[in-house]
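The figures that follow rest on heavy atoms only: side chains count, while hydrogens, waters and symmetry mates do not. Only a predicted model underlies this, so the values are computations on that prediction, with no experimental measurement involved.
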Amino acid sequence: MMFALIDWNTFWDTPEMLKWIRLGSFVVVGLALIYIISITVGRLVRIKHSVHYGQLVRKLIFYAGASAILISMMMNLGLDLTGLLATAGVATLAIGFAAQTSLSNLISGLFLIGEKPFEIGDLIRVEGTLGVVESIDLLSIKIRTLDNLFVRFPNETMIKSPVTTVTRYPIRRMDLDIRIAYKEDASRVLEILGELAKNNEYALEEPDPLILFNAFGENALEFKFGLWFEKTNFLKLRNSILTEIKERFDKEGIEIPYPQLTISGAGSSKPVHVKLKEKPLDKN
């Protein structure tokens with residue numbers, strides 16, 4: 001109805017039209033400037049501090065600037081902000097009671113920002129999910145799993161759950177559990193593992209590798225083989241060392257056993273040999 005009452009033939013030459021043009025130009029130019037400023041400042045902060053802080057500062061500048069433009073536009077339109085602010089205060093209080101979970105996530109996000117247990121680009125494990133951190137926001141953390149899935153964790157979950165930052169330090173240790181048959185020479189296996197650790201191009205010489213005769217297992221002798229490596233060489237080391245172990249054990253004739261069960265009679269340590277009897281086929 002309002003648009004029907006406007007005389008469009010004379011509207012374009014009225015001061016009201018010039019006011020709307022100026023207001024529209026102010027909004028468009030203001031938002032563009034705020035966007036450019038937020039991007040520029042965010043990049044500077046990212047260079048001096050981290051990607052995490054750069055992303056956070058960029059969002060704060062943009063949202064604060066957009067809010068200031070909105071308030072200025074409403075004042076230029078002659079709107080009374082006193083009643084609006086009072087209404088907004090009551091609405092904010094009501095929303096706050098209704099959105100306690102969001103408030104908890106917001107407070108948890110502030111703790112995460114201050115504590116800084118991980119950064120954007122880190123590989124983390126939380127609640128059984130392993131992925132790369134893509135975004136750290138005030139309400140949630142977004143990660144991308146290794147099979148390219150998007151997972152969102154509320155900040156409250158990140159505070160309450162154990163979080164492992166896999167790429168926190170520049171070097172890591174890869175632990176392998178190796179099992180060999182009881183008939184094999186354990187001392188020779190320890191020597192071979194030491195040679196493999198020394199000769200592998202992706203394994204670090206320092207710290208020293210962990211080579212341990214770990215336990216007498218149910219079906220095999222168990223060894224713990226730990227190699228230190230630079231965090232970027234995880235897949236290269238794992239593929240190469242497992243291949244080298246298999247090839248070397250085959251060359252030395254060292255058996256990697258299958259699970260087996262030995263049955264002994266009462267009062268005797270000698271195994272009881274069990275032979276399965278084939279059942280004749282029923283011709284009927």
Side-chain angles (χ1 to χ4, degrees), residues 42-43 45-47 49-59 101-102 104-106 108-179 193 196-197 199-207 209-212 214 222-249 256 259:
R43 288 178 178 175
V45 173
R46 183 174 60 185
I47 292 173
H49 297 280
S50 67
V51 178
H52 172 202
Y53 283 108
Q55 191 178 82
L56 182 62
V57 169
R58 176 176 61 82
K59 291 181 178 180
T101 301
S102 297
S104 176
N105 286 326
L106 179 61
S108 299
L110 296 176
F111 279 115
L112 286 175
I113 292 172
E115 186 180 355
K116 202 176 178 181
F118 47 79
E119 298 179 354
I120 294 176
D122 277 339
L123 181 67
I124 66 172
R125 181 184 292 108
V126 53
E127 292 191 341
T129 301
L130 181 68
V132 178
V133 179
E134 289 198 330
S135 176
I136 303 175
D137 299 322
L138 291 177
L139 294 180
S140 63
I141 305 297
K142 285 88 173 179
I143 70 173
R144 176 173 52 85
T145 64
L146 300 183
D147 53 350
N148 208 34
L149 297 177
F150 178 84
V151 183
R152 175 186 178 274
F153 285 101
N155 286 336
E156 186 178 9
T157 301
M158 304 300 292
I159 290 292
K160 294 181 178 180
S161 303
V163 179
T164 302
T165 306
V166 178
T167 53
R168 177 80 175 192
Y169 302 111
I171 64 172
R172 294 172 52 198
R173 195 181 75 189
M174 178 189 299
D175 289 341
L176 301 175
D177 293 317
I178 299 174
R179 303 166 67 253
L193 294 179
L196 294 176
N199 296 328
N200 188 280
E201 60 178 315
Y202 302 111
L204 300 177
E205 295 183 0
E206 294 183 359
L210 173 67
I211 306 174
L212 178 67
N214 199 33
E222 298 179 356
F223 295 81
K224 180 75 72 175
F225 188 31
L227 298 175
W228 292 92
F229 64 98
E230 296 181 0
K231 62 182 181 182
T232 55
N233 291 332
F234 174 78
L235 293 178
K236 294 178 181 178
L237 174 63
R238 188 171 184 85
N239 288 332
S240 62
I241 197 64
L242 288 176
T243 302
E244 291 169 4
I245 291 173
K246 178 65 168 61
E247 292 176 349
R248 186 63 182 274
F249 280 10
I256 301 176

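- Residues satisfying the ring pair (Phe, Tyr, Trp, His ring centres under 6.0 Å) criterion with Phe223, sequence neighbours excluded, are Phe213.
- Here CG of Leu227 is found 8.5 Å from CG of Asp175. Values are rounded to the nearest 0.5 Å.
- With sequence neighbours excluded, the residues forming a side chain to side chain contact (heavy atoms under 4.5 Å, CB included) with Asp147 are Thr145, Leu149, listed by chain and number.
- A distance of 11.5 Å separates CD1 in Ile143 from CD1 in Ile136, rounded to the nearest 0.5 Å.
- Under the side-chain hydrogen bond (donor to acceptor under 3.5 Å, both in side chains) criterion, Asp177 pairs with Lys224, not counting sequence neighbours.
- A 4.5 Å side-chain heavy-atom check between Met158 and Phe118 finds at least one atom pair inside the cut-off.
- With sequence neighbours left out, Asn239 forms a side-chain hydrogen bond (donor to acceptor under 3.5 Å, both in side chains) with no residue at all.
- Considering all non-hydrogen atoms of both residues, Glu119 and Val133 come closest at O-CB, 3.6 Å.
- Annotation: the span from Ser135 atom OG to Phe150 atom CZ amounts to 7.5 Å, rounded to 0.5 Å.
- With sequence neighbours left out, the side chain to side chain contact (heavy atoms under 4.5 Å, CB included) criterion links Asn200 to Tyr202, Ala203, Leu237, Ser240, Ile241, Glu244.
- For Leu130, the side chain to side chain contact (heavy atoms under 4.5 Å, CB included) partners at least two apart in sequence or on another chain are Leu123, Arg125, Leu146, Val166.
- Between Ile211 and Phe225 there is a side-chain heavy-atom pair separated by less than 4.5 Å.
- Thr165 and Asp122 share no donor-acceptor pair across their side chains, judged by distance under 3.5 Å alone.
- Arg168 places no side-chain N or O within donor-acceptor distance of the main-chain N or O of Ile124, the cut-off being under 3.5 Å.
- Take Phe234 and apply the side chain to side chain contact (heavy atoms under 4.5 Å, CB included) test, not counting sequence neighbours, and it matches Arg172, Met174, Phe229, Arg238.
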Audit row: Leu242, Leu176, side-chain contact (heavy atoms from CB on, under 4.5 Å) steps and yes/no: CA-CA 9 Å; Leu242 288 176; Leu176 301 175; 4.0 Å; yes

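- Judged as a side chain to side chain donor-acceptor pair (under 3.5 Å), not a single pair has a partner in residues 225-234 (not counting sequence neighbours).
- Here the straight-line distance linking atom CZ of Arg248 with atom OG1 of Thr243 works out to 15.0 Å at 0.5 Å rounding.
- Within the structure, salt bridge (Lys or Arg N to Asp or Glu O under 4.0 Å) pairs that include any residue of residues 126-136 comprise Glu134-Arg144 (at least two apart or interchain).
- The backbone N or O of Thr157 sits less than 3.5 Å from a side-chain atom of Ser161, completing a donor-acceptor pair.
- In this structure, the separation between CD1 on Ile245 and CD1 on Ile256 is 8.0 Å, given to the nearest 0.5 Å.
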Applying side-chain contact (heavy atoms from CB on, under 4.5 Å) to Ile141 and Leu112, what does each step give before you reach the verdict? CA-CA 10 Å; Ile141 305 297; Leu112 286 175; 4.2 Å; yes

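- By the side-chain hydrogen bond (donor to acceptor under 3.5 Å, both in side chains) test, Ser140 pairs with Lys142, Arg152, sequence neighbours left out.
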